[in-house]
Amino acid sequence: MQCAITLNHVSKEFKVLNRHEGLKGSLKDLFSRDYKTVTAVNDISINIKEGEIVGYLGPNGAGKSTTIKMMTGVLEPTRGEIIVNGTVPYRNRTRNAENIGVVFGQRSQLWWSLPLVESFNLLKDMYMIPDAQYNQMLELYRSLVDVEPLMHKAVRQMSLGQRTLSDILAAFLHNPKIVFLDEPTIGLDVSMKAKIRDLIKGLNHEKNTTVILTTHDMGDVDALCQRIVIIDHGKMIYDNDIEHLKNYFGSYRTLRLRLASSGWKEILVDESKTDVMSVISEYQKTDVVKDIKLEEISTEEVIKKIYEGAMS
């Protein structure tokens, strides 16, 4: 299986002005050369194979967006090498754009006042999609989601979920080899999240499209990703599958107690250090425990433990 994306010791630095406070400080800043260097991405190496769905995760400010912008050709790395579909993206932005799809931060690529079908027709002309391929994609969309009610609806009349769904369909329309999805289910209700996750899985399966997903919703990660890459402060701290990560934290359990005074309480217990029954006994000394649930550690809790430095 070929690599769709290769990052080899990639770093990105920015020069940031050391700003001064107040009006005098603002005037001084106009002529200042007092800059500091900020490292947004620090020596990251990744190989992503064709057809993978990879979760690219990290807290706000970790360097996720900067990495994605380099992969899409918007930014040039300070050091290192990036190859996307056999192309250096920042040197061949047009060629790179032809082979990728992007859904970023709910910035729609659809025309606000036009029906969805007209946006699709415009994208068909922009990407010079052959009629047969275009019709094939529309048939695929019909088989995966109920797209017909949206085709003749103006984008401005759609709900947030319908617009997100439509944007994802638009991103896949020209059959790109790689699609970048940034928080695709943010702000959506449970049923629409499920529909969008099923759509992404279906398109990945049918077209073998490589998908790079950035999200804070661990439901997206559990439902879609075979592999996750985690970065923090610009450095990669994890690159493997989810089950490997959960096995690493295999001794952790999520204990849920329903207390008479305060309702449900959630406690993360490391059974290699603490017995679950002793935790329950401690709560029983000061309150009445009305119900107990013991669950495997969730992906969300695992990610939290990593951010706290549990793997260092």
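What you see is a predicted model; the values in this text were computed from it and never measured.
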Please step through side chain to side chain contact (heavy atoms under 4.5 Å, CB included) for the pair Tyr141 and Leu173, ending with a clear verdict. CA-CA 9 Å; Tyr141 290 170; Leu173 189 65; 3.9 Å; yes

Looking at Trp264, does the NZ or CZ of Lys290 lie under 6.0 angstrom from its six-membered ring centre and within 45 degrees of the ring axis? no

Enclosure of [X] [atom1] (heavy-atom neighbours >12, cutoff 6.0 Å):
X      : atom1 : answer
Arg91  : CZ    : no
Lys193 : NZ    : yes
Lys265 : NZ    : no
Lys195 : NZ    : no

Strictly distance-based, threshold 3.5 Å: is any side-chain N or O of [X] a donor or acceptor partner for the main-chain N or O of [Y]?
X      : Y      : result
Lys15  : Thr37  : no
Glu118 : Pro115 : no
Thr72  : Lys69  : yes
Thr210 : Ala4   : no
Gln226 : Ile53  : yes
Ser159 : Gln162 : yes
His233 : Ala40  : no

Taking only Lys NZ, Arg NE, NH1 and NH2, and the carboxylate oxygens of Asp or Glu, determine whether [X] and [Y] approach each other closer than 4.0 Å.
X      : Y      : value
Lys177 : Glu50  : no
Arg197 : Asp220 : yes
Glu98  : Arg95  : no
Glu139 : Arg142 : yes

Using side-chain heavy atoms (C-beta onward) and a distance below 4.5 Å, is [X] in contact with [Y]?
X      : Y      : result
Ile228 : Tyr56  : no
Arg256 : Glu295 : yes
Phe172 : Lys207 : no
Asp270 : Arg253 : no
Leu213 : Cys225 : yes
Leu150 : Met158 : yes

Regarding [X] and [Y], do their side chains bring together a donor and an acceptor under 3.5 Å, going by distance alone?
X      : Y      : result
Asp182 : Thr214 : yes
Thr215 : Asp217 : no
Thr87  : Asn96  : no

With rounding to the nearest 0.5 angstrom, report the CG to OG distance, Asn42 to Ser11.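 Between Asn42 CG and Ser11 OG, I get 5.0 Å after rounding to 0.5 Å.
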
What's the spacing between Asn175 CG and Thr209 OG1 if we round to 0.5 Å?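 The CG atom of Asn175 sits 6.0 Å away from the OG1 atom of Thr209.
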
From Asp239, Asn240, Asp241, residue fulfilling side chain to side chain donor-acceptor pair (under 3.5 Å) relative to Arg227: Asp239

Please answer: with hydrophobic residues joined when any side-chain heavy atoms are less than 4.5 Å apart, are [X] and [Y] in the same cluster?
X      : Y      : answer
Ile83  : Val54  : no
Val41  : Val88  : no
Leu114 : Met151 : yes
Val221 : Ile237 : yes
Leu160 : Ile200 : yes

One pair to check against side chain to side chain contact (heavy atoms under 4.5 Å, CB included): Asp198 and Leu144. What are the steps and the verdict? CA-CA 8 Å; Asp198 288 342; Leu144 294 173; over 6 Å; no

For residues 121-129, which side-chain N or O atoms pair as donor and acceptor with protein atoms under 3.5 Å away, sequence neighbours left out?
from   : atom 1 : to     : atom 2 : distance (Å)
Asn121 : OD1    : Tyr134 : OH     : 2.9
Asn121 : ND2    : Val117 : O      : 3.3
Lys124 : NZ     : Asp131 : OD1    : 2.7

Tracing side-chain contacts under 4.5 Å among Ile, Leu, Val, Met, Phe, Trp and Tyr outward from Val289 reaches Leu255, Leu257, Leu259, Ile267, Val269, Val276, Met277, Val279, Ile280, Tyr283, Ile292, Leu294

For Ser45, enumerate each residue passing the side chain to side chain contact (heavy atoms under 4.5 Å, CB included) test, keeping only those at least two apart in sequence or located in another chain. Asn8, His9

Non-hydrogen atoms of Pro176 and Asn99 that approach each other most closely: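 Taking Pro176 first and Asn99 second, the nearest heavy atoms are CB-O, 3.6 Å.
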
